[in-house]
Amino acid sequence: MRRYFKTLGLFWAVSVSAEMAYRTNFLITSLTTLLTLAGALFTIGLLFQNGHTPGGYSWPAALTVLGVYTLLDGLQQSLLAPNRTALTEHVRDGTLDFVLLKPVDAQFWMSMRRFSPWGLTDVAAGLGLLGYAGWRLEISPLGALSGGVAVVLGGVILYAVGFMLATLTVWFVKLYNITIAMAALLEAGRYPIQAYPAVYRTFFTAVLPVAFMTSVPAAALRGEAGAGWLLGLAVVSGGLFAASCAFWRFALRFYTSASS
Amino acid sequence: MSAWTRRLRAFFGIEYALMLTYRAEILLWAIATCLPLIMLGVWTQAAESGDFVHGPAWMARYFIAVFLVRQVTIVWVIHHFEYLVVSGRLSPQLLLPVDPVWRYAVAHLAEQACRIPIVAVMLVGCLLLFPAAWRGDATVGPWVPGWGALVGGALACMAAFTLRFLLQYTFGLFAFWLERVAAVHELVYLLILFLSGMVAPLEVFPAAARDAVLWTPFPWLVWFPAKLMMGEPAPVLRGFVTLGVWIVALAVVNRVVWIRGLKHYSAMGA
């Protein structure tokens, strides 16, 4: 276990120093984050016109959902997306062989090897939003702690779904658009799940667990999530993580490397 | 058939075959374009309350129209062009006796053609899920687009595609000088995303914001074609003039930057 932490530190140190060659990117990503945030606040603001409350949410409550979304979006840009792209490239070039031969778990390598600091501005914006909403809603430290755990579980779901999609490259070879598709699907998590029609709610809970990525963790932060939802979050999160591991091992059986 | 159309047809054949090779990716592309369908859910549900100027039937119809507009105006040339310049693979294309812009434009059309079956399924699904969109309700009549709506909508979509393509390609040309132009263009895309009517119809914007936004090119890219498709009254003259002026202006800038850029381009073989 300690070896894995040490490896992780090395991975990320190397990745970050490589990315530091492009420092103007910091300016661009900061502007992108600010503009995205302004646009999202504007759009949600439109929903709050004429005394309307989408899904019965108050303004700060809706901000907790947006905050969790922004946080996960940052996680996606920093960690999940770069590694998914790398996986696609390895399969396409046949260089996945080298990864499989290394003395660390291949899924760990393929999920953690790359780290791009450019999603951190979104992580910061998400934390800022959550801090503001938490102050407005007077969330207790204990609530913040349990909410934090729920957000991590939501992140695990996002990771597992994305990793399973990326694993499909073993059969389909070229799937560069996974990142765009995943970002588009997570987009649904910008708005509270209760603000959708019933069909959407079922779809985003049972088929594509977007509700468990943003709305449920946000409700946990506010201390409004029932025990059933929290249990559901834990089960979906653990189940999807296990499924992503099993699917990865299954897919590797079909991987015909560059040399064979 | 002139040599010109023969060339374009050859390009189309090549690009269509290339796209079909990786069909699974086209499916992901289609998923990536479902943002209007997400917003369709949010806004029809919000309109149920009666707190907004339009009811759920109108909202559903609007976002289905936006979905269609988006399907035919998707542009990705900047990512492709940035890769070609940074990797130096643009060089062999410059040896051909055709300006490569034609090939990129045709590639977009080929990609749209590949997406048709998926889009058709998604469209039928939406119309079944939201029957009020075509049937109408107490506030809006049934959705029967007349010839004016069909022709006007199609023309507006073509103009919107041309403008978005020119905008992105012109930004892309700066790849001759800068790395990662796609990241810079992302900022423009965000403006299109939030101000074009893709996430909310202009009708629900506060009046001052709506008037200001109408002076930018953004709403004419999505809101305007969608309104025409719905068969609703829209500022037709202003829309086509705005689109036309921007297209001409960007085409001129594009050619100037292209000529300067080629002089600056120094990859192997250039």
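Numbered from 1 within each chain, the chains take letters A, B, ... in sequence-line order. Only heavy atoms go into these numbers, but all of them, side chains included; no hydrogens, no water, no symmetry mates.
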| message | Need one label for B/Tyr189: side chain, backbone, both or neither, based on atoms under 4.5 Å from any heavy atom in chain A. | response | neither
| query | Is there a side-chain contact between B/His185 and B/His79 (heavy atoms, below 4.5 Å)? | reply | no
| field | Engaged part of A/Pro197 at the chain B interface, taking heavy atoms whose separation is under 4.5 Å | value | both
| message | With no hydrogens and no angle check, just 3.5 Å: does a side-chain donor-acceptor pair link A/Ser15 and A/Arg114? | response | no
| Is the distance between the ring centroids of B/Trp76 and B/His108 under 6.0 Å? | yes
| Who among A/Phe204, A/Tyr191, A/Trp118 has the most heavy-atom pairs with chain B under 4.5 Å? | A/Tyr191
| said: Counting only non-hydrogen atoms closer than 4.5 Å, does B/Pro206 touch chain A with its backbone (N, CA, C, O), its side chain (CB onward), both, or neither? | reply: both
| task | Check whether B/Leu187 gets within reach of chain A through its side chain, its backbone, both or neither, counting any heavy atom under 4.5 Å. | result | both
| What residue, out of A/Thr29, A/Leu27, A/Leu185, A/Leu35, has the most heavy-atom pairs lying under 4.5 Å from chain B? | A/Leu35
| field | Beyond-backbone contact of A/Gln77 with A/Ser116, side-chain heavy atoms, under 4.5 angstrom | value | no
| Top contributor to chain B interface from A/Val199, A/Ile28, A/Leu46, A/Leu31 [non-hydrogen pairs under 4.5 Å] | A/Leu46
| message | Only pairs of heavy atoms separated by less than 4.5 Å count here; which of A/Ala40, A/Gly55, A/Gly51, A/Ala183 has the most with chain B? | response | A/Ala40
| said: Less than 4.5 Å to any heavy atom of chain B: does that hold for the side chain of A/Ala188, its backbone, both, or neither? | reply: both
| field | Note: B/Lys227-B/Glu203 ion pair, threshold 4.0 Å (strictly below) | value | yes
| request: Would you confirm whether the ring centroid of A/Trp171 sits within less than 6.0 angstrom of the ring centroid of A/Phe247? | output: yes
| Of A/Phe42, A/Tyr57, A/Trp59, which is the lone residue that meets ring-ring contact (aromatic ring centres under 6.0 Å, His included) with A/Phe48? | A/Trp59
